[in-house]
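Please read the structure below before turning to the comments.
Here is the naming used below: chain letters follow the sequence lines, and residue numbers restart at 1 for every chain. The structure presented is a predicted model; accordingly, all values stated were derived computationally and were not measured.
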2 protein chains.
Amino acid sequence: MGQWRNGNKSAGMEMKSGHSKAMIARLSRYLRGLEDHIRQGCETISSRALGEQLGISDAQVRKDFAAFNRLGYAGIGYRCADLIQVIRDTLGINRAWRAAIVGCGNLGQALIGYQGFRQRGFAIEAAFDENPALIGRRLHGLEVLPLRHFAATVRERGIQLAILAVPAEEAQKTGEIIARSGILGILNFAPVNLNLPKSVSVSSVELTIELEQLVFAVVQKQIVE
Amino acid sequence: MGQWRNGNKSAGMEMKSGHSKAMIARLSRYLRGLEDHIRQGCETISSRALGEQLGISDAQVRKDFAAFNRLGYAGIGYRCADLIQVIRDTLGINRAWRAAIVGCGNLGQALIGYQGFRQRGFAIEAAFDENPALIGRRLHGLEVLPLRHFAATVRERGIQLAILAVPAEEAQKTGEIIARSGILGILNFAPVNLNLPKSVSVSSVELTIELEQLVFAVVQKQIVE
DNA sequence: TGCTGTGAAAGACTTCACAGCA
DNA sequence: TGCTGTGAAGTCTTTCACAGCA
């Protein structure tokens with residue numbers, strides 16, 4: 001999961017939204033589970049069933065959903081459609097979000113072509129790089145623009161989010177350019193701790209860290225057995 | 001971050017290793033910070049400095065490192081090299097790990113070419129797909145093999161980990177093939193809750209979830225202001 | 001009977017604050 | 001003085017257990 005930034009520690013309590021950090025992290029997962037479920041033709045689901053599907057306790061599920069007003073029906077469960085809507089509202093994904101990819105190497109190119117983003121309402125509206133060999137080329141139908149056009153393009157195209165997929169060495173510098181452009185949030189794939197003004201939210205995905213954590217789980221299991 | 005599986009909830013206490021889940025999640029980040037620091041020529045670092053770099057409190061850093069035996073020097077701090085070694089030992093990444101990519105679409109191809117893995121000791125030793133148009137092609141120097149050769153290849157090449165990058169619809173089925181082959185851990189990029197025997201550890205990265213959580217942070221900040 | 005909603009209890013995790021070493 | 005190591009306190013999160021509704 002992306003890490004929470006420095007200043008984000010809830011000051012001695014839950015966040016202003018009234019939802020705890022831990023709960024927010026689960027909402028996206030509930031959403032997946034609910035969509036699966038509805039795809040199978042079920043209109044309602046119990047806390048137990050949803051929890052089992054996701055590896056979350058039924059009590060936890062109920063506590064989380066209790067934050068929404070009385071959405072459940074005793075003896076029945078919850079209506080999937082209701083939950084989906086209220087979760088999407090809560091996360092803020094009930095509207096279209098526009099993103100730019102910054103860094104069109106291996107990973108950046110893959111992210112431009114990744115269908116999952118569009119399917120879930122995120123549109124990739126621009127791609128940037130500094131490499132002259134890439135600039136002007138079309139990747140998955142999107143023209144690669146020089147980084148110096150970043151701010152102007154973001155303004156023109158109404159882009160709010162940046163997905164940063166440049167090499168570690170360039171991440172901080174590039175992050176600063178992005179931050180200055182009025183972008184609201186950065187999803188960072190570079191293995192670097194970005195130090196940016198707090199006007200921009202940063203969330204990081206480090207692929208190698210994910211692998212390392214998997215290895216720990218593997219080794220741990222071997223020891224226990 | 002990858003999710004923790006069902007059975008993994010520490011039974012009323014820290015795990016067998018004596019390290020809490022939360023701490024393990026931080027170890028990889030410490031590693032990054034320490035390597036940065038050492039690259040800048042510093043041999044020692046204080047809990048305060050390391051914490052500041054990573055957005056972690058100094059007390060937290062000390063508590064975490066206290067789990068290792070008396071590595072710190074009062075008045076000085078910790079020796080970076082010592083910490084790096086003990087963290088690598090703890091995570092189990094003090095040896096080479098071999099991985100296979102399963103699914104050579106956009107994302108799979110990018111992961112084959114991702115330098116970060118190799119730089120940190122993870123070697124991609126095989127690539128698989130079911131698409132006849134891809135089988136036999138070389139991607140970043142690696143030949144794409146048909147999925148039915150998975151188990152045999154894994155055995156031959158001593159592969160322990162699989163990186164699953166197939167479409168959501170095929171993830172469960174493919175996961176089962178992987179699990180049957182004796183693989184120890186799966187890093188799953190498909191937006192699906194894999195239901196697999198607990199002999200294999202699963203860690204999931206969902207790119208869209210990461211974006212959703214970023215959006216929440218963005219929206220939250222706007223409301224507060 | 002099957003399920004929600006929820007106080008109360010338990011547990012995990014983080015921060016505080018300070019003794020003590022170099 | 002600068003820093004670690006650590007009990008104690010505080011905070012956050014999860015689980016328990018059960019009243020009550022359909």
Side-chain angles (χ1 to χ4, degrees), chain A residues 1 3-27 29-30 37 42-52 54-80 82-83 86, chain B residues 1 3-27 29-30 37 42-52 54-80 82-83 86:
Chain A
M1 167 183 44
Q3 87 216 41
W4 290 70
R5 311 173 50 97
N6 243 335
N8 242 349
K9 38 201 66 153
S10 42
M13 51 172 314
E14 59 208 353
M15 287 170 281
K16 309 298 189 303
S17 65
H19 304 302
S20 80
K21 194 157 118 175
M23 172 196 172
I24 293 299
R26 280 187 298 267
L27 288 187
R29 292 173 61 201
Y30 291 137
H37 204 71
C42 307
E43 295 205 341
T44 66
I45 192 168
S46 70
S47 58
R48 162 99 81 112
L50 182 56
E52 225 155 68
L54 301 173
I56 297 173
S57 79
D58 58 325
Q60 182 71 77
V61 173
R62 289 198 299 281
K63 262 279 202 288
D64 284 342
F65 292 169
F68 310 130
N69 290 332
R70 308 240 150 222
L71 233 44
Y73 300 91
I76 311 275
Y78 303 84
R79 293 173 40 104
C80 301
D82 291 355
L83 281 175
V86 72
Chain B
M1 167 180 41
Q3 86 217 39
W4 289 70
R5 311 175 50 96
N6 244 335
N8 240 351
K9 38 201 66 152
S10 42
M13 50 172 316
E14 59 209 354
M15 287 170 282
K16 308 300 189 305
S17 64
H19 305 302
S20 80
K21 195 157 120 175
M23 172 195 172
I24 293 299
R26 281 186 298 268
L27 288 186
R29 292 173 60 201
Y30 290 137
H37 203 70
C42 306
E43 295 205 342
T44 65
I45 192 168
S46 69
S47 57
R48 163 98 82 110
L50 183 57
E52 225 155 68
L54 300 173
I56 298 174
S57 79
D58 58 326
Q60 183 70 77
V61 173
R62 289 198 299 281
K63 264 275 202 293
D64 285 342
F65 292 169
F68 310 131
N69 289 335
R70 308 238 151 222
L71 231 45
Y73 300 90
I76 311 277
Y78 302 84
R79 293 172 43 102
C80 300
D82 291 354
L83 281 175
V86 72

* To do: Output yes when at least one side-chain N/O atom of B:Ser20 is less than 4.0 Å from OP1 or OP2 of C:dA12, else no.
  => no
* To do: Could you check how far CG of A:Asp58 sits from C1' of C:dG5, rounded to whole Å?
  => 12 Å
* **Side-chain N,O (B:Tyr78) to OP1/OP2 (D:dG5) below 4.0 Å** => yes
* **Value in whole Å for how far the P atom of D:dT4 lies from CG of B:Asp64** => 13 Å
* Could you list the residues that satisfy ring pair (Phe, Tyr, Trp, His ring centres under 6.0 Å) with B:Phe65, not counting sequence neighbours? => B:Tyr30, B:Tyr78
* **Length of the CD1-C1' vector between B:Ile45 and D:dG2, whole Å** => 15 Å
* Figure out the NZ/P separation between A:Lys21 and D:dT11, and round it to whole Å. => 15 Å
* **5' priority, DNA chain C, between A:Asn69 and A:Gly75 [closest heavy atom]** => A:Gly75
* Asked: What's the shortest heavy-atom distance between B:His37 and B:Thr44, and which atoms?
  -> NE2-O, 3.4 Å
* To do: Could you grab the distance from atom CE of A:Met23 to atom CZ of A:Arg26, nearest 0.5 Å is fine?
  => 8.0 Å
* Structure fact -> Here the gap from A:Ser46 atom OG to A:Arg62 atom CZ, rounded to the nearest 0.5 Å, amounts to 9.0 Å
* B:Leu71 or A:Ile76, whichever maps to the more 5' nucleotide of DNA chain D -> B:Leu71
* Does OP1 or OP2 of D:dG20 have a side-chain N or O of A:Tyr73 closer than 4.0 Å? -> no
* Asked: Please give, in whole Å, the distance from D:dT4 C1' to B:Leu83 CG?
  -> 12 Å
* Taking only Watson-Crick and G-U wobble pairs with both distances under 3.5 Å, what dot-bracket line describes DNA chain D, where [ ] shows pairs that cross earlier ones and | shows pairs with another strand? -> ||||||||||||||||||||||
* Structure fact -> Winner on side-chain proximity to A:Ala74, out of D:dA22, C:dT15, D:dT14, is D:dA22
* To do: Can you measure from CG (B:Leu83) to CG (B:Leu50) and round to the nearest 0.5 angstrom?
  => 7.5 Å
* Asked: For the pair made of CD1 in B:Ile24 and P in C:dT14, what is the distance, rounded to whole Å?
  -> 12 Å
* So which heavy atom on A:Cys42 is nearest to which on A:Cys80, and how close? -> O-SG, 3.8 Å
* Let me know the distance between CZ of B:Arg48 and C1' of D:dG5, rounded to the nearest Å. => 17 Å
* Would you give the length of the straight line joining atom OG of B:Ser47 to atom CD of B:Glu52, rounded to the nearest 0.5 angstrom? => 10.5 Å
* To do: Under 4.0 Å between any heavy atoms, over every strand shown, what does A:Phe65 touch: base, sugar-phosphate, or nothing? Just pick one.
  => nothing
* N/O (side chain, A:Ser57) to phosphate O (OP1/OP2, D:dT14) under 4.0 Å -> no
* Structure fact -> In whole angstroms, the gap separating P of D:dT15 from CD1 of A:Ile56 amounts to 10 Å
Strictly under 3.5 Å: I want the nitrogen or oxygen pairs between protein and nucleotides 6-8 of chain D, one per line.
unit_1, atom_1, unit_2, atom_2, d
D:dT6, OP1, B:Arg70, NH2, 3.1
D:dG7, O6, B:Lys63, NZ, 2.9

* Could you state the interatomic distance from NE2 (B:His19) to CG (B:Leu27), rounded to the nearest 0.5 Å? -> 7.5 Å
